Asker: 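What follows is a single structure, and I will ask about it in a moment.
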Amino acid sequence: MSSKKYILEMFPYPSGNIHMGHVRNYVIGDICARYHKLKGDQVIHPMGWDAFGLPAENAAIQFKTHPQDWTLTNIENMKSQLQRLNLDLDWDRELATCDENYYRFQQELFIDLYNAGLAYKKDAIVNWDPIDQTVLANEQVIDGKGWRTGAPVEKKNLSQWFFKITDYAEELLNDLDKLELWPEKVKTMQKNWIGKSIGAEIKFKISGKDKLLNIYTTRPDTIYGATFIAVSVNHQIVSEVLDKGSIEKIRKDFETVNEEKEKLGVNLNLSCKHPILDKEIPIYVANFVLDNYGEGAIFGCPAHDERDYEFAKKYSLPIIKVIECKDEELPYVGDGRLINSPLLDGLNKAEAINEIIEYFSKSGTGNKKINYKIRDWGISRQRYWGCPIPVVYYEDGSYRVLDKSELPVLLPYDVSLEGKGNALLNNENWRKIKCPKTNKTAFRETDTLDTFVDSSWYYIRFLNNKLDKPFDREQVNKFLPVDKYIGGIEHAILHLLYSRFFMKALRDIYDFSVDEPFKQLFTQGMITHKTYKTSKNEWVMPIEVVSVDGKLLKRKTGEIIEEGPSEKMSKSKKNVVEPDEILENYGIDATRIFMISDSPPDRELEWTDEGIQSSKNLINRIQRYFSENKGEVNLEVEKQIEKFVYNVEKNILSFSLNKCVADIYTLFNYLEKKDIYLNNNKLSKKILACLYPIVPKLSLQLVEELFNLNNFNDWPEINKNLLIEDKIKLPIQIQGKLITTIDTEKGYSEQEILNSVYQLDKIRNKMLDKKVVKVINVQDKIINIILN
RNA sequence: GCGCCAGUGGCGGAAUGGUAGACGCGCUGGUCUUAGGAACCAGUGGGCAACCGUGGGGGUUCGAGUCCCUCCUGGCGCACCA
């Protein structure tokens, strides 16, 4: 049955050269695509370029060129490298995100999102990467450092554009369950990132003021144990009580805590009324309260929260037990029976939570609340080489999002990248315009879009890259989702979450029937290689290392080389091999074989000289095999070949490509052992068709030589009857331990087998003076004899 | 700290609860030769053996690498998320 199959590998950033990681990624996808084509499926298998981004700007400054020139040259070069890999790609679908023909439609999408209320601008404290000189989204900050530069991010207050991904938090979370063909790991990561929690919002009345302070908690059951309130330094109440100078000082103090997680707080000399009890509890500013989660304020229950406990100890605040536990167990955070809580005494945690939320709702002091960790996606980037945001600003500070008729807003080519800051900001010619609508002087938005916006919808544009609108609804409904999406796991949250959001947002705007962009996600492992160093701690490329009398030496200088552990191939450690050189030396088919042979595709693959060489040997061996013609085909041979077809197919479909290589070895081992050399037999055509997705060049060459064909048309149809194995080796166990095996046929009679088994010496020796208690016969599988 | 995943020969790795180690690399011995980045043949978990073997210890089962509990080790992710 033929169907559409959209097979996609994550498109590359055009850095200049492909690396082995790309090769592995694209070979995996190529094998799938070729297989599905043979199956008669309508295969979509495009390739393009994630072409906007900072490296182009950095390179432009370094090499005195222009980001566009640099990028286009790189694309040209990388494209020719990819073409040398002979991948079966739809090059007519090619696109580059820096192409006006791509990003102009992205500007349309921005306008659509804006009109749908999903894009907005606000002042926000944002992550500033001091090296890249731009803002980063929350997802792009890892351990407090920029995801690309590794520089500690700074906090800045800037007016920024955001996409309202939080509107879709619930759906993004729930739909993870529908993604059966995604790795659990990625789904867990996204789930954690979205960070849903169910709790309560409680309103505390501030004493002496006609004001309420809202807090968020997942433990409203511990309300009777509340002995203080803590707010983040950015909380509004702080600015009402303290002057700017004091706040700055607190901020500084918080930033310079001695050890991580050390608790620090300042009493605001302000108190709240406990919502149930007739008592006052103090309000603190505390360093451990996050300002961008919940309400930026919490109530502290030291007896049942580790952080509150630490804080209370430090500042001598009362600790009131409200859940039954021993004193030495404090802080006790587990479940238990409520005590010291008149309304809740005797209940367990879940019961108490329900009860108290109901009470708060009735008294108007609080309510149930669902909270998410995920924040809206900050998309403004203070960089030149990106998609311009279609917005203009007027001198009075107001702004207007452009109409689609005013698009495209083209990036100016003529810019100076030498100065600090955004080149667009410095380009007055481009920036300053007369607004065609109002005739007023206006200034273009000089921030550009996060490049993750570019990659959030490229898989849709691939469906028709020439269309005079972003995409065609019918085509989207017909060809999406992507059936198999293959790429690195480093995008587990960033790109994959953004794309899911985009798909859903666009679905709602354009009435698509597609909820998720990628039906199956396959994350391939990285390629590693041993590392080499001189005694001066300089990294050395593998190709420069020679082995002489068991010692490793640097080829040119003769220096002694020390071999280090295998690590991810990286330029900085120089443990890389160049695809061009490998292709030159071993050819594309051997390279493909090696990319899939030594470990499962989702695990890391260690590059070894032996590995690539034995892959080459296999290619030679196959070629040699088909140059002979002898031996007689019988039913058993046919069965072996049928099994081969079946296994290869199964293993391609499950991405167990390493097992496909094992299948190939198994088949040729068998045929050569039996001295059966098929040449232009119809069975050999069958074998070649199965080899084609894996080693297309050799297969095509052979099918041409042997059959005078220039193509493969079909995947062999499997004859199920030939898969049935009637001769079997039946294992015989005593007490569950293997004693021997018996050659027999499927459907044997248990009694007959047992009669002959009991005659065997091995069995008889075990059965001396013992009785057979029971015989377990799993028909055609195993016989287990139980003795007393 | 929390969560997830994984521990199988010298190495990479196979095994719907049913013969552990398929297949490959490496290694050992041999063959051939216009001496090769070959090719071919035989062998290769441990132990002389009975037997023992899938990180350790328990358990379920006729039967456990596989399922359950527990501990150890490694990797990844999250990390003051109230």
Side-chain angles (χ1 to χ4, degrees), chain A residues 142-144 183-193 195-197 199-200 215-220 222 226 230 232 257 260-263 286-301 304-308 310-311 333 371-374 489-490 492-493 566 585-586 590 593-594 597-600 603-606 608-618 620-621 624 647 651 656 658-669 672-673 728-742 773-778 780-787:
Chain A
I142 292 146
D143 288 337
E184 272 319 306
K185 192 179 168 175
V186 175
K187 290 196 277 186
T188 308
M189 283 166 74
Q190 292 210 356
K191 194 173 167 185
N192 292 340
W193 185 262
K196 180 179 181 176
S197 73
I215 66 93
Y216 175 74
T217 180
T218 54
R219 293 298 303 275
T222 62
S232 115
V257 285
E260 222 188 329
K261 301 204 173 172
E262 185 189 332
K263 302 289 176 289
N287 65 340
F288 66 94
V289 181
L290 303 172
D291 65 280
N292 55 2
Y293 182 75
E295 304 286 339
I298 59 148
F299 77 71
C301 174
H304 306 292
D305 183 284
E306 279 169 31
R307 297 149 301 181
D308 299 347
E310 249 180 85
F311 191 78
V333 298
N371 205 21
Y372 300 91
K373 275 202 285 185
I374 191 172
I489 197 160
E490 63 271 19
I493 294 181
S566 208
N585 287 333
Y586 298 96
I593 286 283
F594 183 51
S597 63
D598 272 17
S599 37
R603 274 196 236 169
E604 63 184 40
L605 170 73
E606 181 171 9
T608 58
D609 291 343
E610 292 83 359
I612 182 69
Q613 183 55 46
S614 59
S615 301
K616 180 65 183 169
N617 293 345
L618 176 61
N620 292 338
R621 180 175 165 191
R624 223 180 303 123
N647 285 335
N651 289 329
S656 309
N658 54 324
K659 287 192 254 171
C660 287
V661 179
D663 294 334
I664 294 173
Y665 278 109
T666 307
L667 178 72
F668 286 102
N669 286 349
E672 288 177 358
K673 184 130 206 157
I728 53 168
K729 281 197 184 316
L730 185 71
I732 308 297
Q733 296 181 332
I734 290 182
Q735 317 289 55
K737 285 191 178 182
L738 179 77
I739 306 300
T740 187
T741 58
I742 303 275
V773 176
K774 195 174 170 188
V775 172
I776 289 146
N777 172 39
V778 182
D780 302 340
K781 283 270 180 181
I782 200 162
I783 288 182
N784 190 7
I785 301 164
I786 312 300
L787 305 175

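All values derive from a computational prediction rather than experimental measurement. Letters A, B, ... are given to chains in the order of the sequence lines, protein chains preceding strands, and every chain is numbered from 1.
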Asker: Identify whether NZ of Lys or CZ of Arg in A/K616 sits under 6.0 Å from the centre of the six-membered ring of A/Y586 and within 45° of that ring's axis.
Answerer: no
Asker: Is the CD atom of A/E306 crowded by more than 12 outside heavy atoms at less than 6.0 Å?
Answerer: no
Asker: Assign A/E610 to base, sugar-phosphate, or nothing according to its heavy-atom contacts below 4.0 angstrom with the strands shown.
Answerer: sugar-phosphate
Asker: In terms of side-chain heavy atoms of A/L290, which of B/U19, B/A82, B/G18 is nearest?
Answerer: B/A82
Asker: Within the structure shown, what part of the strands sits under 4.0 Å from A/D609 by heavy-atom distance: base, sugar-phosphate, or nothing?
Answerer: nothing
Asker: Please give, in whole Å, the distance from B/U19 P to A/L730 CG?
Answerer: 11 Å
Asker: Would you kindly give the CD-to-P distance between A/Q613 and B/C25, to the nearest whole Å?
Answerer: 11 Å
Asker: Does any N or O donor sit under 3.5 Å from an N or O acceptor when you compare the side chain of A/K781 with the base of B/U16?
Answerer: yes
Asker: When you measure from the side chain of A/F288, which nucleotide among B/C80, B/C23, B/U19 comes out closest?
Answerer: B/C80
Asker: Now, which nucleotide makes the Watson-Crick or G-U wobble pair with B/A39, with each of the two distances under 3.5 Å?
Answerer: B/U31
Asker: Which whole number of Å gives the distance between the P atom of B/G3 and that of B/A82?
Answerer: 15 Å
Asker: Which part of the nucleic acid, if any, lies within contact of A/S197, taking any heavy atom under 4.0 Å across all strands shown: a base, the sugar-phosphate backbone alone, or nothing?
Answerer: sugar-phosphate
Asker: Taking only the P atom of each, what is the distance from B/G55 to B/A6 in whole angstrom?
Answerer: 13 Å
Asker: Using atom C1' in both nucleotides, what's the gap between B/A14 and B/G30 to the nearest angstrom?
Answerer: 30 Å
Asker: Which part of the nucleic acid, if any, lies within reach of A/N617 when heavy atoms closer than 4.0 Å are counted: base, sugar-phosphate only, or nothing?
Answerer: sugar-phosphate
Asker: Once you round it to whole Å, what is the distance between P of B/G17 and CD of A/Q733?
Answerer: 16 Å
Asker: Say you pick atom P in B/G57 and the same atom in B/G12; how far apart are they, in whole Å?
Answerer: 23 Å
Asker: At under 4.0 Å between heavy atoms, what does A/S597 touch on the DNA or RNA strands: base, sugar-phosphate, or nothing?
Answerer: nothing
Asker: Side chain of A/S599 only, heavy atoms from C-beta on: which candidate in B/A82, B/G12, B/G18 is closest?
Answerer: B/G12
Asker: Answer yes or no: is there a donor N or O on one side and an acceptor on the other, between the side chain of A/Q735 and the main chain of A/L787, under 3.5 Å?
Answerer: yes
Asker: What is the distance, to the nearest angstrom, from the CD1 atom on A/I728 to the P atom on B/U19?
Answerer: 12 Å
Asker: Using the C1' atom as the point on both nucleotides, what is the distance between B/C62 and B/A79, in whole Å?
Answerer: 48 Å
Asker: Looking for any heavy atom pair under 4.0 Å, which part of the strands does A/K737 touch: base, sugar-phosphate only, or nothing?
Answerer: sugar-phosphate
Asker: Consider the side chain of A/R621, meaning its heavy atoms from C-beta on, and name the nucleotide among B/C40, B/A82, B/G3 that approaches it most closely.
Answerer: B/C40
Asker: Base, sugar-phosphate alone, or nothing: which one does A/I786 contact when heavy atoms must sit under 4.0 Å apart?
Answerer: sugar-phosphate
Asker: With sugar-phosphate meaning primed atoms plus P, OP1 and OP2, does A/Y665 contact a base, only sugar-phosphate, or nothing at under 4.0 Å between heavy atoms?
Answerer: sugar-phosphate
Asker: Between A/K774 and A/I493, which has a closest nucleotide on RNA chain B that is more 5'?
Answerer: A/K774
Asker: Go through the side-chain N and O atoms of A/Y665 and A/S597 and say whether any donor and acceptor fall under 3.5 Å apart.
Answerer: no
Asker: Nearest whole Å is fine: how far is B/C78 C1' from A/E490 CD?
Answerer: 18 Å
Asker: Would you say A/Q733 and A/I782 make side-chain contact, with heavy atoms under 4.5 Å?
Answerer: yes
Asker: Counting only side-chain heavy atoms from C-beta out, which of B/G63, B/G26, B/G37 sits nearest to A/N784?
Answerer: B/G63
Asker: How far does the C1' atom of B/A15 sit from the matching atom of B/U66, given to the nearest Å?
Answerer: 9 Å
Asker: In terms of side-chain heavy atoms of A/K263, which of B/C76, B/U19, B/C80 is nearest?
Answerer: B/C80
Asker: NA contact type, A/N658, heavy-atom cut-off 4.0 Å: base, sugar-phosphate, or nothing?
Answerer: sugar-phosphate
Asker: Looking only at the side chain of A/I776 (C-beta and beyond, no hydrogens), which of the listed nucleotides B/G24, B/G18, B/G3 gets closest?
Answerer: B/G18
Asker: So which nucleotide from B/A20, B/G37, B/G3 ends up closest to the side chain of A/L738?
Answerer: B/A20
Asker: If you take all heavy atoms of A/F311 and A/A286, which pair is closest and at what distance?
Answerer: CE1-CB, 3.9 Å
Asker: Base of B/C23, side chain of A/K659 - is there a donor-acceptor contact under 3.5 Å?
Answerer: no
Asker: How many whole angstroms separate atom CG of A/N192 from atom C1' of B/C5?
Answerer: 14 Å
Asker: Could you please name the partner base of B/U73, counting Watson-Crick and G-U wobble pairs only when both distances are under 3.5 Å?
Answerer: B/A6
Asker: Would you say the side-chain atoms of A/D598 pair up with the backbone N or O of A/L605, donor to acceptor, closer than 3.5 Å?
Answerer: no
Asker: Tell me what A/K673 touches on the nucleic acid: a base, only sugar-phosphate, or nothing, going by heavy atoms under 4.0 Å.
Answerer: sugar-phosphate
Asker: Which nucleotide in the list B/G37, B/A82, B/G3 gets nearest to the side chain of A/Y586?
Answerer: B/G37
Asker: Below 4.5 Å, heavy atoms only, C-beta onward: do A/E610 and A/Q613 meet side chain to side chain?
Answerer: no
Asker: Figure out the CZ/P separation between A/R219 and B/A82, and round it to whole Å.
Answerer: 11 Å
Asker: Quantified in whole Å, what is the P atom distance between nucleotide B/G45 and nucleotide B/G21?
Answerer: 10 Å
Asker: Report which part of the nucleic acid A/V289 touches: base, sugar-phosphate, or nothing (heavy-atom distance under 4.0 Å, all strands).
Answerer: base
Asker: Expressed as a whole number of angstroms, how long is the span from A/K729:NZ to B/G18:C1'?
Answerer: 17 Å
Asker: If we take the C1' atom in both B/G9 and B/A20, what is their distance in whole Å?
Answerer: 11 Å
Asker: Which of these, A/T222, A/D305, A/D308, sits in a side chain to side chain contact (heavy atoms under 4.5 Å, CB included) with A/F299?
Answerer: A/T222
